[in-house]
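As structure tokens, the structure follows; a few thoughts come after it.
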Amino acid sequence: MKESAVDRETELERRFGDPFDDDNPVGFGALLAADERAELLPEGERLLTEWGCNLEFVPARLGGNWRGVDELGRRLRPVFRRDPALGLGYGVTSLMASVNMWVAGSMEQQRGLAAELRMGHRIAVAFHELEHGNDFLRNALRAELDGDRAVLTGVKEVINNVERAESLALFARTSGDAGARSHSVLWLRKKQLSAGRLRYLPRFRTSGMRGCRIGGIAFDGSEVPAELVGAAGSGVETALRGFQITRTVLPSMAVGVLDSALHIVHRFVTERKLYGHRVSDLPHARTTLAEAFTDLLIADCLATSAARLLHLAPRNCAAPAAAVKYLVPMLLQDAVQDLSEVLGARFYLREGPFAAFGKLYRDLPVVSLGHAGPTACLLTIIPQLPALARRAWHPEAPPAALFDTEAELPRLDFARLSLAGTSADPLAAALLAEAERVDAAEPVRELAGQWRALAAECSLLSGSELGPAASAETFELGERYALLLAASACVGIWRQQRGASGFLGSDEWIHAALRRLSGRLRGDATPLPEQLAEPLFAELTRRVGERESCSLHPTPVFRSAP
Amino acid sequence: MSTTLDTNRVELKPWLAERVAGYLEIEAAGLDSTAPLAELGLDSVYALTLCGDIEDAFGIEVEPTLAWDYPTLDLLTEALREQLGQSR
């Protein structure tokens with residue numbers, strides 16, 4: 001399993017080549033120039049087509065390449081290392097639309113979509129309405145259903161690729177009742193539409209991802225052929241199941257952005273001299289880089305474990321997936337922010353060898369475009385906290401395949417994804433089990449104690465504290481859950497790697513990671529002490545020097561085409 | 001582990017009413033058992049978590065979407081009664 005994942009990821013890396021080479025037609029120079037024109041680089045899109053990007057979004061049972069969710073996240077990182085807009089704009093939004101089909105579509109629909117994706121077609125995810133944001137149960141675009149036709153009235157806004165996609169996964173209100181059975185997902189295929197049935201809205205300009213074609217669509221009582229995906233009224237359920245996948249895998253892809261940022265800034269500090277020193281000799285710079293690298297590892301541990309949990313415990317992933325989508329973008333953005341301060345003035349220049357950093361900095365917050373923001377993620381977690389505290393957080397040795405990325409996973413069963421499963425969570429259990437070991441390290445015990453304290457506070461929640469009107473303190477409980485889940489993922493992976501002699505089994509990185517997480521839990525992060533920062537900086541230096549990724553398992557990156 | 005409730009002795013409808021009223025922070029006696037729960041103000045995402053309470057209390061497995069598919073107190077009580085009857 002792992003070999004094929006590295007091969008596809010490595011193959012894509014090879015095709016992209018060295019982004020620092022000014023002559024590379026798909027290097028940073030060319031990508032930045034396209035961004036200045038608010039376009040996607042055509043050579044980049046061509047490259048992704050030739051690599052067969054769309055096949056990554058099609059499950060293997062339908063003839064595609066998609067087997068493991070964690071694999072999928074890793075395979076798209078080469079794009080996100082160079083240009084998140086290219087990744088999203090080429091087709092990651094097709095993935096977001098497609099999951100609805102894989103969750104709820106008929107076999108015929110699934111085969112039909114697989115064929116379209118194989119042909120290079122795009123499908124836009126037409127869910128979002130500016131009026132309602134993430135409160136999508138209030139989405140208003142209306143569909144009056146009549147057999148295989150529908151009369152549509154309303155708008156969808158801030159939709160990537162809405163104009164050039166051949167079809168749309170449309171989230172429409174199909175009943176006036178309040179509640180969660182009043183919406184449906186429809187598959188709208190444009191070639192079946194007669195002219196004038198839909199109206200495109202003007203392009204939305206964004207601060208980052210400027211090359212993406214972000215638009216909107218309006219229907220004015222248009223009658224269209226539209227197929228239901230799943231039963232009428234199942235739209236919210238379908239969407240929430242699909243979100244568990246996309247909330248896990250998109251942040252995993254975005255890890256590539258911090259990966260690049262680390263490489264760029266490390267190169268900078270090694271070359272730049274200030275105050276009579278190389279910046280890379282200054283402890284402050286070394287510590288900042290070490291901390292950012294640690295945070296990347298934390299993010300990767302959480303995203304990878306949660307992705308594997310989808311295969312191993314599909315009924316228990318609603319809260320973990322929301323935790324990934326809440327925490328990983330925050331870790332990545334905060335790290336990139338810290339790195340920008342090391343870069344100094346180079347950070348905001350739009351030319352020069354470090355200009356790529358500025359674009360990554362602008363793009364990263366927008367990677368979540370149209371998808372769940374932090375508040376929505378916490379609102380998924382909060383209502384489940386009392387039940388999770390009661391039932392899900394007990395020490396238990398994890399299944400072997402959870403933390404071992406080389407282990408085979410059972411096939412992802414889309415139908416078994418549960419909207420609010422609160423029975424035993426194997427991911428949470430890992431840290432609690434580790435803390436019971438005779439040789440458990442003090443930071444692990446301390447975090448297990450924090451978990452018990454969290455459970456006690458969660459069990460006191462009731463009434464309006466479990467809904468959108470919850471207090472700030474309750475929102476903080478959701479954040480603590482996410483941080484502790486990340487700690488559990490780190491511990492689980494570290495424990496699994498102890499036998500091997502590599503970096504991931506070392507004491508230094510896990511102590512650094514747990515320290516970073518404890519700092520966030522306390523709300524006061526102190527810098528990593530030298531004895532933890534130095535080994536991490538040394539490993540980072542090795543990886544940058546040898547052109548390896550900064551992810552959990554290093555892979556070749558940024559190498560020139562042979 | 002909490003012991004499951006003896007469903008011969010526990011009245012399902014008042015038990016459910018208590019859960020819903022607790023969330024809404026009102027008196028259970030005031031709940032209209034024929035009104036759609038969403039219209040009473042029961043948040044749809046919160047409604048999913050009722051299943052956890054039911055599973056703990058009655059020792060059965062229920063779909064989180066039970067309260068979505070049986071969206072009044074009366075309908076939900078009936079559905080739960082049926083599930084409990086089936087699981088004996």
Side-chain angles (χ1 to χ4, degrees), chain A residues 134-138 175-183 231 233-241 243 315-316 318-319 322 376-392 394 415-424 458-459 461-470, chain B residues 1-5 15-28 30-76 79-80 83 87:
Chain A
N134 287 154
D135 183 17
F136 70 104
L137 262 77
R138 292 203 166 68
S175 156
D177 295 341
R181 287 299 193 206
S182 297
H183 295 83
S234 66
V236 173
E237 182 173 355
T238 299
L240 287 175
R241 290 226 192 101
F243 287 171
R315 299 192 66 75
N316 300 91
C377 292
L378 291 178
L379 286 173
T380 301
I381 292 168
I382 286 164
Q384 298 186 40
L385 286 174
L388 288 169
R390 228 168 38 235
R391 319 163 89 210
H394 302 289
R416 291 199 67 222
L417 294 168
S418 165
L419 300 195
T422 50
S423 60
C458 290
S459 62
L461 292 173
S462 66
S464 58
E465 282 306 297
L466 293 171
Chain B
M1 257 345 303
S2 55
T3 50
T4 57
L5 297 171
W15 184 86
L16 280 168
E18 228 184 277
R19 305 247 81 69
V20 171
Y23 174 77
L24 297 172
E25 289 172 340
I26 59 175
E27 287 300 313
L31 274 177
D32 177 356
S33 64
T34 63
L37 292 164
E39 272 175 40
L40 293 175
L42 194 75
D43 179 66
S44 293
V45 175
Y46 170 77
L48 297 171
T49 65
L50 281 174
C51 71
D53 293 348
I54 294 171
E55 289 184 349
D56 274 353
F58 299 107
I60 57 169
E61 238 187 65
V62 293
E63 271 306 309
T65 51
L66 193 69
W68 290 5
D69 292 325
Y70 300 96
T72 70
L73 198 49
D74 281 344
L75 289 170
L76 188 54
L80 184 53
Q83 294 225 336
S87 69

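Every chain is numbered from 1 and lettered A, B, ... according to where its sequence line falls, protein lines coming before strand lines.
Each of A/Ala178, A/Ala387, A/Ala180 has some count of heavy-atom pairs under 4.5 Å with chain B, and the biggest count is that of A/Ala180.
Nearest heavy atom pair, residue A/Ala420 against residue B/Pro64, reads N-CG, 3.8 Å.
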Would you enumerate the inter-chain donor-acceptor pairs between chain B and chain A whose distance is below 3.5 Å?
from    : atom 1 : to       : atom 2 : distance (Å)
B/Glu25 : OE1    : A/Ser464 : OG     : 3.3
B/Glu25 : OE2    : A/Ser464 : N      : 3.3
B/Glu25 : OE2    : A/Ser464 : OG     : 3.2
B/Asp53 : OD1    : A/Arg390 : NH2    : 3.3
B/Glu55 : OE1    : A/Arg391 : NH1    : 3.2
B/Glu55 : OE1    : A/Arg391 : NH2    : 3.0
B/Asp56 : OD1    : A/Arg391 : NE     : 2.8
B/Asp56 : OD2    : A/Arg390 : NE     : 2.5
B/Asp56 : OD2    : A/Arg390 : NH2    : 2.6
B/Glu63 : OE2    : A/Arg315 : NH2    : 3.2
B/Asp69 : OD1    : A/Arg181 : NE     : 2.7
B/Asp69 : OD1    : A/Arg181 : NH2    : 3.0
B/Asp69 : OD2    : A/Arg181 : NH2    : 3.1

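Interface residue A/Leu419: backbone and side-chain heavy atoms are both found under 4.5 Å from chain B. At a 4.5 Å heavy-atom cutoff, the contact between A/Leu379 and chain B is made by backbone atoms alone. When heavy atoms are compared at a cutoff of 4.5 Å, B/Leu24 does not approach chain A at all.
A/Cys377 is linked by a side-chain contact (heavy atoms from CB on, under 4.5 Å) to A/Ala322, A/Lys325, A/Tyr326, A/Ala372, counting only residues two or more places apart in sequence or in another chain.
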